[in-house]
Amino acid sequence: MAILGIESTAHTASVGIVGDRAEVLGLASDMYRPPAGGIHPREAANHHVELLPGLVRQALDAAGVGPESIDAVAFAQGPGLGPCLRAGATVARILALSWEKPLVPVNHCVAHVEIARVLSGLDDPLLLYASGGNTQVIAYGRGRYRVLGETLDVGIGNFLDKLWIELGGTFPGGPALELEARQGHELVELPYSVHGMDVAFSGMLTAALAQHRKGVGRPDLAFSVESTAYAMLTEITERALAHRQRDSVVLGGGVACNERLRSMVRTMVEERGGTMFAPPRAMCVDNGAMIAWTGRLAFDAGLTVPVESSAVQPRQRTDLVPTPWRPA
Ligand code: ATP
Ligand code: FE2
């Protein structure tokens, strides 16, 4: 039997159908790309409302199953943009009611972590979750995913997106900056902002734009930003490894698509004698399969929610949600 998962926390509307061993049976996604500037929550929500019904159909067709094969409907309850979350939650409630299936709430950040963990085959790794709105170093401990370090201002992906848009590009900025950075080689000095196991990016954004105004071209700027920002993430990950006495690291979140970040973290981990795993890109960015898989874990542990109390939680934190599927 399978779980159907709905993702709609920000830019991407996605429906995934996943089997008992995290095999993706069906996945249908569509990313909202604003013509210019950043994401407007209501426009993204309209995109999700329009597309989700068709994505549900496509995912079921791809899996070759009907509603009778679905055990439960999982949805991303938070964190995320309120209107976007509500779009996905509404579709999930309608499916749960009309198919008479249980509804399972899933935390989006925990879902990034769980899909990366199951694909890694590692039981209890340290996790570097680097995405649009979040940047966290996470380890499991005593009933919760514990955030050992995180961004003190914006998520690294939002920082990259904002920079790229300010440089004249369009959302999403991370993949475009990655291509641009491959043409760069001159390292410009930028604020390296590590505070214990936390990081901050807004000073780097201001400094990078100032360098650009002084004539530093996009390739060198992108190269310098990637070098500095990913070195900061590599440093806090190494510090967390040392403190927690772990040897393996799993990457998750959209920024984990980045080859430079992957190779910097891999080098650090392997020099310490450990292993690094990063999922395929489709499982790093927002997708319904990660919601479905985490829904599977939650459902099997008895975690369901009545439709009446399934309100979305735009600020729900990684370390505040129960994870009864992991040993206490
Ligand atoms: P969160 O999980 O914090 O809610 P999100 O849901 O908005 O974030 P994800 O799909 O997990 O987003 O990640 C999207 C982010 O990943 C965007 O900021 C995008 O620019 C960034 N990103 C995607 N590919 C790359 C890449 N190759 N290099 C760097 N950043 C990337
Ligand atoms: Fe995400």
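Just so you know, ligand 1 is whichever comes first in the structure, and atom 1 is the first atom listed for that ligand. Keep in mind the model is a prediction, meaning the values are calculated, not measured. Side-chain atoms are counted along with the backbone in the values below, which use heavy atoms only and exclude waters and symmetry mates.
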Heavy-atom gap Phe171 to ligand 1 smaller than 4.0 Å: no
Salt-bridge criterion met for Asp71 and Lys101 (N-O under 4.0 Å): no
Note the single closest protein heavy atom to atom 1 (P) of ligand 1, along with its residue, its atom name and the distance in Å. Ser131 OG, 3.1 Å
Measuring from non-hydrogen atoms of Tyr230 to any atom of ligand 1, is the shortest distance under 4.0 Å? yes
Heavy atoms only: give me the nearest Leu126-Ala139 pair and the separation to one decimal. CD1-CB, 3.9 Å
Are Gln211 and Leu221 close enough that some pair of their side-chain heavy atoms sits under 4.5 Å apart? yes
Quick one: angle His112 NE2 - the Fe ion (ligand 2) - His108 NE2, to the nearest 10°? 90°
Would you mind naming the N, O or S atom of Asp286 nearest to the Fe ion (ligand 2)? OD1
Strictly under 4.0 Å, does any heavy atom of Pro175 approach an atom of ligand 1? yes
Of all the heavy-atom pairs spanning Ala87 and Ser8, show the shortest one and how long it is. C-OG, 4.5 Å
Could you identify the single nearest non-hydrogen protein atom to atom 15 (C) of ligand 1 and state the distance to 0.1 Å? Gly132 N, 3.7 Å
Tell me whether Gly254 has any N or O atom under 3.5 angstrom from an N or O of ligand 1. yes
Looking at Glu259 and Arg281, is there a salt bridge between them, counting it only when a charged N and a carboxylate O are closer than 4.0 Å? yes
Answer with side chain, backbone, both or neither: which part of Val255 has a heavy atom less than 4.0 angstrom from an atom of ligand 1? both
List every atom of ligand 1 that sits less than 4.0 Å from any heavy atom of Pro172, numbering the atoms from 1 in the order shown and giving each element. 20 (O)
Note: Ser69 and Met1 closest approach over all heavy atoms is O-SD, 3.6 Å
If you count the atoms of ligand 1 from 1 in the order shown, which ones are under 4.0 Å from a heavy atom of Asn134? 1 (P), 3 (O), 4 (O)
Decide yes or no on ring pair (Phe, Tyr, Trp, His ring centres under 6.0 Å) for His112 and Tyr129, but give the supporting numbers first. CA-CA 7 Å; His112 273 296; Tyr129 164 42; 5.1 Å; yes
His112: numbered ligand 1 atoms lying under 4.0 Å from its heavy atoms: 2 (O), 11 (O)
Report, in ascending order of atom number, the atoms of ligand 1 lying under 4.0 Å from any heavy atom of Gly133. 1 (P), 3 (O), 8 (O)
Phe171 and His11 aromatic centres sub-6.0 Å: yes
Atoms of ligand 1, numbered as shown, that sit under 4.0 Å from any heavy atom of Tyr129: 1 (P), 2 (O), 3 (O)
Part of Glu259 within contact of ligand 1 (heavy atoms, under 4.0 Å): neither
Whether Arg260 and Glu178 form a salt bridge (side-chain N of Lys/Arg under 4.0 Å from carboxylate O of Asp/Glu) is what I want to check. no
heavy-atom search around atom 28 (N) of ligand 1 in the protein gives Asn258 ND2, 3.0 Å
I need the atoms of ligand 1 closer than 4.0 Å to a non-hydrogen atom of Gly157, numbered in the order shown. 18 (O)
Looking only at protein heavy atoms, what sits closest to atom 11 (O) of ligand 1 is Asp286 OD1, 2.9 Å
Atom 30 (N) of ligand 1: of Ala10, Gly252, Gly174, Ala176, the nearest heavy atom sits on Gly174
Hey, is Arg296 close enough to Glu114 for a salt bridge, meaning N to O under 4.0 Å? no
Quick one: are Pro79 and Asn107 in side-chain contact, heavy atoms under 4.5 Å? yes
Pull out every atom of ligand 1 sitting under 4.0 Å from any heavy atom of Asp161, numbered as shown with elements. 17 (C), 18 (O), 19 (C), 20 (O)
Please write down residue, atom name and distance for the protein heavy atom closest to atom 27 (N) of ligand 1. Glu178 OE1, 2.8 Å
I need the nearest protein heavy-atom contact for atom 14 (C) of ligand 1: residue, atom name and distance, please. His11 NE2, 3.8 Å
Using a plain distance cutoff, I'd like to know if Pro79 has any nitrogen or oxygen under 3.5 Å from a nitrogen or oxygen of ligand 1. no
Regarding ligand 1, does Val285 bring an N or O atom to under 3.5 Å of one of the ligand's N or O atoms? no
Is His108 touching ligand 1 with its side chain, its backbone, both, or neither, if touching means heavy atoms under 4.0 Å apart? side chain
In the structure I gave you, are the side-chain heavy atoms of Phe201 and Pro191 within less than 4.5 Å of one another anywhere? no
Answer yes or no for Arg326 and Tyr140: cation-pi contact, defined as NZ/CZ to six-membered ring centre under 6.0 Å and angle to ring axis within 45°. yes
So among Val154, Asp153, Thr151, which one has a side-chain contact (heavy atoms from CB on, under 4.5 Å) with Phe159? Val154
Is the closest side-chain heavy-atom distance between Glu7 and Met290 below 4.5 Å? yes
